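Encoded as structure tokens, the structure appears first; notes follow it.
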Amino acid sequence: MSHRSVGLIPERLRGATLYVSTEFGVAVHLCACGCGTEIVTPIGGDGWSVTCDGKSVTLDPSIGNAGLACRSHYRITRGTVDWMAGFGPARKPARSTLRAFYEDLLFRITSWFRPPGPGPS
């Protein structure tokens, strides 16, 4: 998997590319299984860590898509996707956890697309 450091996440993502925005504290890629789902991982704090050695990238810990139809589970280590054991039957996360996740995601997404400059008058 290749990687690109970006300020804003592009509207159209390319497969097998990890986009890293340290400005917004996220790493985004299309699911490695090929299902086309956009995977957004917060970086820093309690989120994931991104390590780049100049040639390849590592995203840690693993990406577990238990809530998606594909249910994929993998690590991105030195640019390579390492597949891990999949998840069993889907379990719904607690509503408060799910709501907090989507509220945070909505805030991050709307922040990416806000035009610069003064607001409406």
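Predicted model only: the values in this text are computed from it and were never measured.
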Inset, instruction - Not counting sequence neighbours, which residues clear side chain to side chain donor-acceptor pair (under 3.5 Å) with Thr22? List them please. - result: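 For Thr22, no residue satisfies side chain to side chain donor-acceptor pair (under 3.5 Å) once neighbours in sequence are set aside.
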Legend entry - hydrophobic_cluster_shared for Met84 and Ile76, side chain cutoff 4.5 Å: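 Per the 4.5 Å side-chain linkage, Ile76 and Met84 are not co-clustered.
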Legend entry - Side-chain donor or acceptor of Tyr19 paired with backbone N/O of Gly7 under 3.5 Å: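 Flag not set: sc Tyr19 to bb Gly7 has no pair under 3.5 Å.
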Legend entry - ring-ring contact (aromatic ring centres under 6.0 Å, His included): pairs with one or both residues in residues 28-56, sequence neighbours excluded: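 Those involving residues 28-56 are His29-Tyr74.
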To the nearest 0.5 Å, how far apart are [atom1] in [X] and [atom2] in [Y]?
{"X": "Leu30", "Y": "Leu18", "atom1": "CG", "atom2": "CG", "value": "10.5 Å"}
{"X": "Leu8", "Y": "Glu23", "atom1": "CG", "atom2": "CD", "value": "6.5 Å"}
{"X": "Ser21", "Y": "Ile9", "atom1": "OG", "atom2": "CD1", "value": "5.0 Å"}

Legend entry - Validation row: Leu13, Val28 side chains within 4.5 angstrom (heavy atoms):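 Side-chain contact under 4.5 Å: yes.
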Legend entry - Any Met1 side-chain heavy atom under 4.5 Å of Thr80 side chain: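 Of all side-chain heavy-atom pairs linking Thr80 with Met1, none is under 4.5 Å.
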Inset, instruction - Kindly indicate, with the supporting measurements, whether the criterion side chain to side chain contact (heavy atoms under 4.5 Å, CB included) is fulfilled by Ile43 and Val26. - result: CA-CA 5 Å; Ile43 54 176; Val26 294; 5.5 Å; no
Inset, instruction - Starting from the C-alpha separation in whole Å, work towards a yes-or-no answer on side chain to side chain contact (heavy atoms under 4.5 Å, CB included) for Arg4 and Val20. - result: CA-CA 6 Å; Arg4 288 186 54 202; Val20 180; over 6 Å; no
Inset, instruction - Report the residues that fulfil side-chain contact (heavy atoms from CB on, under 4.5 Å) with Cys35, sequence neighbours left out, ordered by chain and then residue number. - result: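 Residues passing side-chain contact (heavy atoms from CB on, under 4.5 Å) with Cys35: Cys31, Cys33, Thr37, Cys70.
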Legend entry - All ring pair (Phe, Tyr, Trp, His ring centres under 6.0 Å) counterparts of His73, not counting sequence neighbours: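 Phe87.
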For residues 54-61, run the donor-acceptor check on the side chains, cut-off 3.5 Å, and write out each pair with its distance to 0.1 Å, sequence neighbours left out.
from, atom 1, to, atom 2, distance (Å)
Ser56, OG, Asp53, OD1, 3.3
Ser56, OG, Asp53, OD2, 3.1
Thr58, OG1, Arg78, N, 2.9
Asp60, OD1, Arg75, NH2, 2.3

